[in-house]
Amino acid sequence: MSLEKFVNQHIQLLDKEREAEIEETRHVNETLPPKELQRRGVCLLKLHIRSRRTGFYGRTVVTFEPGGALQELPAHNITPGDIVSLTASSAHQGDEGFGSGIVTHAGKSAISVAFDDKEDLYDLQEEDLYKLTKLANDVTYKRLKNALNNLKKGDFGGSSRLVDVLFGETDLSSPYNLKDIHLVNSGLDESQEDAVRFALAQPEVAIVHGPPGTGKTTTVIEIIIQAIKQGNKILACAPSNIAVDNLVERLAQHKQKVVRLGHPARVLPHIQKYSLDAILSSSEETRLVEDVRKDLDKNLSAIRKTRDHGEKQKIREDVKYLRKELRQREEAASKEVLKRADVVLATLSSADPRGPIRYLDNEHFDLVVIDECSQAVEAACWIPLLRAPRCVLAGDHLQLPPTILSKEAASAGLETTLMERLLDLYGGKVMRMLTTQYRMHQLIMQWSSDQLYEGKLTANSSVATHLLRDIEKVEETEETSEPLLLIDTAGCQLYELDVPEEISKGNEGEADIVSSHVEKLIKLGLNQEEIAVIAPYNLQVELLRLRLSNDYPKVEIKSVDGFQGREKEAVIISLVRSNKKGEVGFLAEKRRINVAITRARRHLAVVCDSETVGHDAFLKSLVDYMSANGVVKTAQEFVEAGIVYNKVTRPDHLNDLLTLPSNNKGAKPKSAKNQRKSQNKQKPAKTEGQIPEAEKYQKTEEETNERIQEFQGYLDTFVQEPSSGELEFPSSLNSHDRMLVHELSEKMGLIHISKGAGKERHIVVSKPGGGGGHDVVKCSSKQHLEKEKISEEKVAGAQNVELPSQAEEEFPEDKESQAAPNQKELDKIVCRLCSKSVIKANIQLHETHCLRMQRQKSAPKSADSSSKKHKDQSTPRAPNAHADVVAKLEKVDGDDLDSMIAAVQSVDRECSFKKCKTSTRTLGHNCEFCRRRFCLNHHIPEVHGCGDAAKAHARATIIREGVLYRGSGVPDKRPDPTRKAQLQKKLDKKLTDMATKRQGKKQKK
């Protein structure tokens, strides 16, 4: 690919990637309320200003703390180095804020943000509430496009030949003839020494390919030190701050002159002393500006104290002048510090020519070293590459690539790294591979070596056979004596959670197994810090943390992407995917699985469904390898041991994760509880009068026919047995199954009635003429089919949804009841209970009445009276608002309307308290709980018998408001006097400022 074509294509791809990131951020911020954003950890609400100071080398640092009675900040994902926006807590999305800054510290009770000089923070008030929101960083995109535009211009200086070689327009030059090299690190193996010599001898480009655990960073450090010995100035970069800090720490141990570029807040605390800002603050050049800093702090303090607008404006002008002088002196000092350094280290984007590196000439550097090159987009690598004529690239293109949000941009070439492109262009001519690894047991390493590294890797003798049992205080058992363990869930029906596509995947059965294995390793003596749990999906990570983090907080639980570059003695991996379709999703990405497998040192456990993952050839090779070389267990052992339950082990509050707002409005995720029931419940043998609980219905024609045959068999057996009086179906049937039972019973001429309400609703089938004293309603097949179909449409066959309550079925409106009046009179049928002729439209109401009368007659009176007496003694009854009215009306003739009205009115004329005859016509009070009227002596709820209701109301108020209010329990709506005075003060100040700025009317000439 030509240089011009590459630049034009990558600029378009970066635009697509930026649009995808903006759209994702916009969708989250616009569709979710602030409280939901705070729950997701990207926003902090209702913060007070605790303090302000000038820190981090001239920047203003503002520390925020939670407002109100909260002592700690809510859980969040804002970390040091993140960019956040500052707005008023009541501001809506899109409202103009106070600016943005970089988080310098994030603790449990406070968070500090460093703002640049340009941010106007003078008017922030300590008593106001503020909001911090994590932002997407657009600075990186601007720097990437700037690098591509510089590449397109063709002004490369000393790096012209390097650019031609990297695009294949010029052949590689012959290697240098090196003199004898005396290695600083005498512990390097043969492949590492070869890589060092090869990299130093290449005139343009050298690639160090470092598979997991082969000491790639150690080799890179040796290359840098040897280049310094040759008198070279080096620019060392990496995609992430962690990788750069690792290089700084290693080089500092060898007493090299290093300077770390970048914002101090993004640097590890123990590395900050090597940052440019820290060196400047203690250098001789900056001692001249100490007085300027003191004057600057004095002015910043004065500007907050003064209330006079004119004086405040004058101080602001002084502050701007002092900051300008401070910058000029610091720039001169920065140039001197950078020139003296042998190695300048920065992230790829921080090497931008508009940053501090602009103080150096374009020909200052002799060598550019990029560590972890395979994790960066190629455009980012071109930022430092244009600063030197030679480069050394280090990384592993068989591990995770850079994260690309836009699938279209990734497939079009944005995901292809510079390292991959050069290997395709030159192959082994520019590359040396490290072949001895110092991390993994031989068996853990071998599968990755055979599948991805052509079998070239060998384990160093120090790690080739090490096991968990070799660690001090760890017991020797099967788990600690084997490097490989495969726990297979195939056939155990531990399926993944069936959730919408936009929600991550999870598997609760595997989470139970993983947590059990972690607990066992800890009981055997392994420290929590030596264990890592890895899952490819964020939802599974959340499920694992809920099971383990409370009891074992030091066990590291992360996604595969978040654990790249790390290692632990024992690693347990949950592959999650388990479904009948054999879908594996992005598990098919070889590099992701390679990273996961190669994190373990002594023990690797993989929990998976071999039947599902076996649909992918690469994953199948892993399962086959572990089956042949390790211990294999079936998940059935954990099920039988009670470790994996037949019920959902997920806490209730995690349901929020499974009901997040979906792009498909109206679509609801399937209930994990119902899914687990359908997987684990077994059908018991049929018994007379009892049907086994049915499994969850899935809307397929084949399964529907199976259900019909099953129910038909139960009904046929019931009809053939003369001793069977009635057949009761369980309440676990869903709406579709109940519809099928009603349909079949109607065809067979059986009586089918619904009993119970809500979750207790079930069907009872009896033979004609069998009676039955149930307080239920006989179901019209037409009516029930209609109701069950409506209910079925609501859930689309995916969930068990209860039918309308029994009260809704008490008075059904049958279509036949809407016929003409003359037709109703002629259309009569005989009641099966009392043999009376009743209009067909009223037959259901009539039968309901007959059933109730039969039940009342058959019930023993003694039992009724004793139960009533017991109920009256054990449960105090709340006052009935209508009891007095009913008592009055019973004494009045039902045909005398005037007397009835007078009786009702008389109730409100007197106090409803027993034996109190005080008139309430003029002065009285209606109780809000019992709705009765009382005089002023008895209107208090605790006096006339509503004390329990008043206590319940007060308790609800406390739960809802968080405060118990005096008096009636209603919050005082009057404004707070202190707050009112503050607002009045701010208003007066604004009016004064406006009056000062107001211009007089110009006089006419």
Side-chain angles (χ1 to χ4, degrees), residues 468 475 477-482 485-498 505-526 528 531 533-535 537 539-553 555 557 570-580 603 605-612 626 630-655 657-658 670-685 692-696 730 732 800:
L468 290 180
E475 298 179 21
T477 63
E478 182 183 29
E479 287 78 8
T480 60
S481 302
E482 293 292 339
L485 171 63
L486 175 67
I487 302 177
D488 191 358
T489 65
C492 299
Q493 295 184 326
L494 300 181
Y495 296 121
E496 64 194 58
L497 292 173
D498 193 359
K505 300 293 182 183
N507 189 314
E508 295 181 306
E510 287 192 11
D512 289 335
I513 294 173
V514 170
S515 61
S516 171
H517 188 58
V518 169
E519 291 174 1
K520 192 166 189 178
L521 291 178
I522 294 174
K523 289 179 181 178
L524 292 174
L526 192 63
Q528 297 182 33
I531 302 175
V533 178
I534 303 176
Y537 295 95
L539 178 56
Q540 186 70 356
V541 171
E542 183 70 18
L543 291 170
L544 290 165
R545 285 176 177 169
L546 285 167
R547 286 161 169 77
L548 292 169
S549 294
N550 287 337
D551 297 328
Y552 310 106
V555 174
I557 306 171
V571 173
I572 301 95
I573 303 172
S574 171
L575 294 184
V576 179
R577 301 311 298 264
S578 177
N579 52 73
K580 296 179 180 179
H603 177 78
V606 177
V607 182
C608 69
D609 183 344
S610 61
E611 187 175 338
T612 297
M626 297 193 69
V631 175
V632 181
K633 291 185 178 182
T634 176
Q636 190 62 36
E637 299 178 20
F638 295 86
V639 175
E640 293 174 354
I643 295 170
V644 181
Y645 300 98
N646 288 339
K647 62 180 181 179
V648 174
T649 56
R650 162 171 42 88
D652 293 337
H653 66 268
L654 190 59
N655 287 325
L657 288 174
L658 305 181
K670 294 181 182 180
S671 168
K673 184 176 181 180
N674 290 334
Q675 181 183 11
R676 187 70 65 87
K677 282 184 178 180
S678 67
Q679 294 164 2
N680 296 300
K681 286 194 175 181
Q682 299 178 354
K683 297 179 181 179
E693 291 191 2
E695 295 181 354
K696 180 183 175 184
S732 60
N800 287 339

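Throughout, numbering of the chain's residues begins at 1 and tracks the sequence.
Of all non-hydrogen atoms in Asn507 and Val576, the two that sit nearest each other are ND2-O, 3.0 Å. Across Glu475 and Lys523, no two heavy atoms sit closer than the pair OE2-O, 4.1 Å. Taking both residues in full, the closest heavy atoms of Asp512 and Arg547 are given as OD1-NE, 2.8 Å, listed atom of the first, atom of the second, then distance. Considering all non-hydrogen atoms of both residues, Phe638 and Ser516 come closest at CE2-OG, 3.9 Å.
Of the residues listed (Ile643, Leu548, Leu543), the one engaging Ser515 in a side-chain contact (heavy atoms from CB on, under 4.5 Å) is Leu548, and it is the only one.
Using a 4.5 Å cut-off on side-chain heavy atoms (C-beta onward), Leu486 and Cys608 make contact. Looking only at side-chain heavy atoms (C-beta outward), Leu497 and Glu508 come within less than 4.5 Å of each other. Counting only heavy atoms from C-beta outward, the side chains of Ile487 and Leu485 approach each other to under 4.5 Å.
Atoms CD and CG, on Glu496 and Asn579 in that order, are 4.5 Å from each other to the nearest 0.5 Å. Here OG of Ser574 is found 11.0 Å from CD1 of Ile534. Values are rounded to the nearest 0.5 Å. Note that the CD atom of Gln528 and the CD1 atom of Ile522 stand 4.5 Å from one another [nearest 0.5 Å]. Between atom CZ of residue Arg577 and atom OG1 of residue Thr612 there is a gap of 8.5 Å, rounded to the nearest 0.5 Å. With rounding to the nearest 0.5 Å, the separation of CD in Glu542 from CD1 in Ile557 is 9.5 Å. Taking CG from Leu521 and CD1 from Ile572, the interatomic distance works out to 5.5 Å, rounded to the nearest 0.5 Å.
By the side chain to side chain contact (heavy atoms under 4.5 Å, CB included) test, Glu519 pairs with Tyr552, sequence neighbours left out. Evaluation of the side-chain hydrogen bond (donor to acceptor under 3.5 Å, both in side chains) rule for Ser610 yields Asp488 as partners, not counting sequence neighbours. In this structure, Thr489 has no side-chain hydrogen bond (donor to acceptor under 3.5 Å, both in side chains) partners at least two apart in sequence or on a different chain. Judged as a side chain to side chain contact (heavy atoms under 4.5 Å, CB included), and not counting sequence neighbours, the contacts of Ala535 are Gln540, Val541, Leu544. With sequence neighbours excluded, the residues forming a salt bridge (charged side-chain N to carboxylate O under 4.0 Å, His left out) with Glu479 are Lys520, Lys633, listed by chain and number.
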Please assess Leu524 against Leu526 for the test side-chain contact (heavy atoms from CB on, under 4.5 Å), listing each intermediate value before the final yes or no. CA-CA 6 Å; Leu524 292 174; Leu526 192 63; over 6 Å; no
